[in-house]
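Reading through the structure tokens given below for one structure.
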Amino acid sequence: MAKDLSTREENYSQWYTDIVTKADLAENSAVRGCMVIKPYGYAIWERMQAELDKMFKDTGHQNAYFPLFIPKSFFSKEASHVEGFAKECAVVTHYRLKNDENGKGIVVDEAAKLEEELIVRPTSETIIWDTYRGWIQSYRDLPLLINQWANVVRWEMRTRLFLRTAEFLWQEGHTAHATREEAVAEAEQMLRVYAEFAESWMAIPVLKGVKSANERFAGAVETYCIEAMMQDGKALQAGTSHFLGQNFAKAFDVQFLSKENKLEHVWATSWGVSTRLMGALVMTHSDDNGLVLPPKLAPIQVVIVPIYRNEEQYRAICDKGLEIKKQLEKLGLRVKLDDRDTQKPGFKFNEWEFKGVPVRLAIGPRDLENGTVEVARRDTLEKEVLHIQDIDQKISHLLDQIQQNLFQKALDFRTANTFKVDSWEEFKIQIEKGGFIEAHWDGTAETEQFIKDETKATIRLIPFDGEAEAGKCVFSGKPSARRVVFARSY
RNA sequence: CGGGGCAUAGCGCAGCCCGGCUAGCGCACCUGCUUUGGGAGCAGGGGGUCGCAGGUUCGAAUCCUGCUGCCCCGACCA
């Protein structure tokens, strides 16, 4: 049915690219590694932003904006942070162009060299902490709870639309607290916010946990994360939240006077999700017929397609369609009446299916006579005929059902592809098949590295809700107190 | 930065080995008529410095040399 689309079976990564480009979410740009997010894709991102922003504000955060450029010297102040990002920074060295003396276009004016080079932010900890020094004097200034929506640049070798691009959009929260406990609680709280968003809005089930030292954010004391399973069995980190300890406060000399009149360094967190979530959304729900969107994030939740033979029918059916649209919009639904006279119904059916619209209503002459409408749901591709007077209640209910069904399907898939493994032989076999592996680990970086080198699998997280269970490390045989989750990842 | 491949209409490709008339096909696009309950049919039409620069030749998309760009595979990563 869906022509021009690879199937997941044939070529999973081609299938992903096909959906992103053909559903009009994004395309590659003239700039290597950078994408153009197209209106339909951006509309989904805006819906994500709107809900996340509300969740951040509900938890007491305020938005602000910090510069795109960071003085190079700021980067060197936190040792492990520099080390983590140095290899992928874009650097601004000059501030002026001029006409080439030989008449060959525009060249960099070497006379306009910056005294101090500027880094295009790969993340904003350094510029933000340099700023916070001026904002924080006393415990009365704490906690400081700030978020920013921004673009960042990480010069990646290999890029893929949404999943890894040289420039991407994200939000980064940066908070300052008087105590260690409060900062840890903040990092944990924001991870719960992310998990809630992923599960309730994106219909993506996620595991919550802590990263191993190898996978920790550069400059963090502890990194928390949510991990989702894609349909090819690989893991995708969907959000991270970091407890930064006093690392940045010390590097940037951010101190406050406590109630006891003692000068102390503040405690910090940072947390972020990016346009990568768009990739997660595509890879979690979509099928071989195209994109599948959860109703809560779909820019169009219901599309109405009129079917007609002549001008007279066209007008009568579009009138009815408009009536239904208004009726549904009163319930707060996002509805589109596709009254284009330039495409045939069959074309429209396929197009909206490909674009993942959760519910399609078709109205033709027969329906007009019978007072009915054909309802098709994107997730199961099932169709039924309803009486027009029933659609008010039924459509809202159907959208809820679709939202739940998508979550349940994704959860069932993850459950079916999660395995407890207790021997190294079994581990090597299972990892080839994909999915999450729950195995014991001796807690050493050496073992983790060895497993990665041998199998390309990494520890995705040490689950929060993992039950204590004594066992032996799947690789070294040394004692272990709990299982951790291994997988190959994006 | 190492290994491989590609560059011909908006997109996808054929032609190149073995040089030769006006460079072709599918999709898309434009016009008209018939159509419209799962990607319409027919007819007509528009669109190309064959990546760039040299060379060989009577003649180059095709052969030779150099350059540039892009893609794929590896090391890095949300």
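Convention: sequence-line order gives letters A, B, ...; per-chain numbering from 1.
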How close or far is atom [atom2] of [N] from atom [atom1] of [X], stated in whole angstroms?
X	N	atom1	atom2	value
A/R160	B/A78	CZ	C1'	14 Å
A/K456	B/G74	NZ	P	6 Å
A/F354	B/G38	CZ	C1'	15 Å
A/R488	B/G74	CZ	P	11 Å
A/L52	B/A78	CG	P	19 Å
A/K355	B/G38	NZ	P	21 Å
A/E227	B/A78	CD	C1'	10 Å
A/L386	B/G37	CG	P	21 Å

Lys/Arg-Asp/Glu bridge criterion (N-O < 4.0 Å) met for [X], [Y]:
X	Y	value
A/K428	A/E454	no
A/E369	A/R366	no
A/K22	A/E27	no
A/D24	A/K355	yes
A/E384	A/K394	no
A/E311	A/R315	yes

Can you check the distance between [N] and [M], where both ends of the measurement are the [atom1] atom (answer in whole Å)?
N	M	atom1	value
B/C21	B/C63	P	16 Å
B/A23	B/A9	P	14 Å
B/C17	B/A60	P	14 Å
B/G44	B/U62	P	33 Å
B/U56	B/C64	C1'	7 Å
B/G55	B/C71	P	32 Å
B/A40	B/C27	P	12 Å
B/G24	B/U8	C1'	10 Å

Acceptor/donor pairs from residues 200-211 of chain A side chains to any protein atom, 3.5 angstrom cut, sequence neighbours excluded:
residue	atom	partner	partner atom	Å
A/S200	OG	A/E196	O	3.3
A/S200	OG	A/E196	OE2	3.0
A/K211	NZ	A/E227	OE2	2.7
A/K211	NZ	A/Q237	OE1	3.2
A/K211	NZ	A/R460	O	2.8

Parallel under 30°, tilted from 30 to 60°, perpendicular over 60°: which one fits the rings of [X] and [Y]?
X	Y	result
A/W129	A/Y132	perpendicular
A/F217	A/H242	parallel
A/F464	A/Y224	tilted

Within 6.0 Å of [atom1] in [X], more than 12 heavy atoms from elsewhere:
X	atom1	answer
A/R309	CZ	no
A/E9	CD	no
A/E83	CD	no

Base, sugar-phosphate, or nothing for [X], non-hydrogen atoms under 4.0 angstrom?
X	answer
A/T165	base
A/L236	nothing
A/E156	base

Indicate, yes or no, whether a donor-acceptor pair under 3.5 Å links the base of B/G38 to the side chain of A/E353.
->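 Such a pair is found, so the answer is yes.
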Taking the side chain of [X] as its heavy atoms from C-beta onward, which of [options] lies nearest to it?
X	options	result
A/F168	B/G38, B/A78, B/A40	B/A78
A/R32	B/C70, B/G37, B/A78	B/C70
A/P345	B/U36, B/G38, B/C76	B/U36
A/R360	B/A78, B/C1, B/G38	B/G38

Using Watson-Crick or G-U wobble pairs with both distances under 3.5 Å, give me RNA chain B in dot-bracket, 5' to 3', with [ ] for crossers and | for pairs to another strand.
-> (((((((..((((......[...)))).((((((.....)))))).....(((((..]....))))))))))))....
Output the residues of residues 303-318 of chain A in contact with RNA chain B, where contact means a heavy atom of the residue under 4.0 Å from an atom of the strand; sort by number or write none.
->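 Result for residues 303-318 of chain A: A/I307, A/Y308, A/R309, sorted by number.
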Specify the residues of residues 364-384 of chain A, ordered by number, for which at least one heavy atom lies under 4.0 angstrom from an atom of RNA chain B.
->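 Those residues whose heavy atoms fall under 4.0 Å from RNA chain B, taken from residues 364-384 of chain A in numerical order, are A/G364, A/P365, A/R366, A/D367, A/E374, A/K383.
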When you match A/Q343 and A/F347 each to their closest nucleotide on RNA chain B, which lands nearer the 5' end?
->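 Nearest nucleotide further toward 5': that of A/Q343.
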Starting from the 5' end of RNA chain B, give me the residue, A/K344 or A/T240, whose nearest nucleotide shows up first.
->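 This one resolves to A/K344.
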From A/F475, A/W441, A/F427, residue fulfilling ring pair (Phe, Tyr, Trp, His ring centres under 6.0 Å) relative to A/F450 |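 When ring pair (Phe, Tyr, Trp, His ring centres under 6.0 Å) is applied between A/F450 and each of A/F475, A/W441, A/F427, only A/F475 qualifies.
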Checking side-chain contact (heavy atoms from CB on, under 4.5 Å) against A/K325, which of A/V335, A/L361, A/L333 comes through?
->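 Passing option: A/V335.
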Between the protein and nucleotides 41-46 of chain B, are there any N/O to N/O pairs under 3.5 Å, and if so, what are the atom names and distances?
none

For residues 28-35 of chain A, run the donor-acceptor check on the side chains, cut-off 3.5 Å, and write out each pair with its distance to 0.1 Å, sequence neighbours left out.
residue	atom	partner	partner atom	Å
A/S29	OG	A/V31	N	3.1
A/S29	OG	A/V31	O	3.0
A/S29	OG	A/C34	O	2.5
A/R32	NH1	A/M157	O	3.4
A/R32	NH2	A/E156	O	3.3

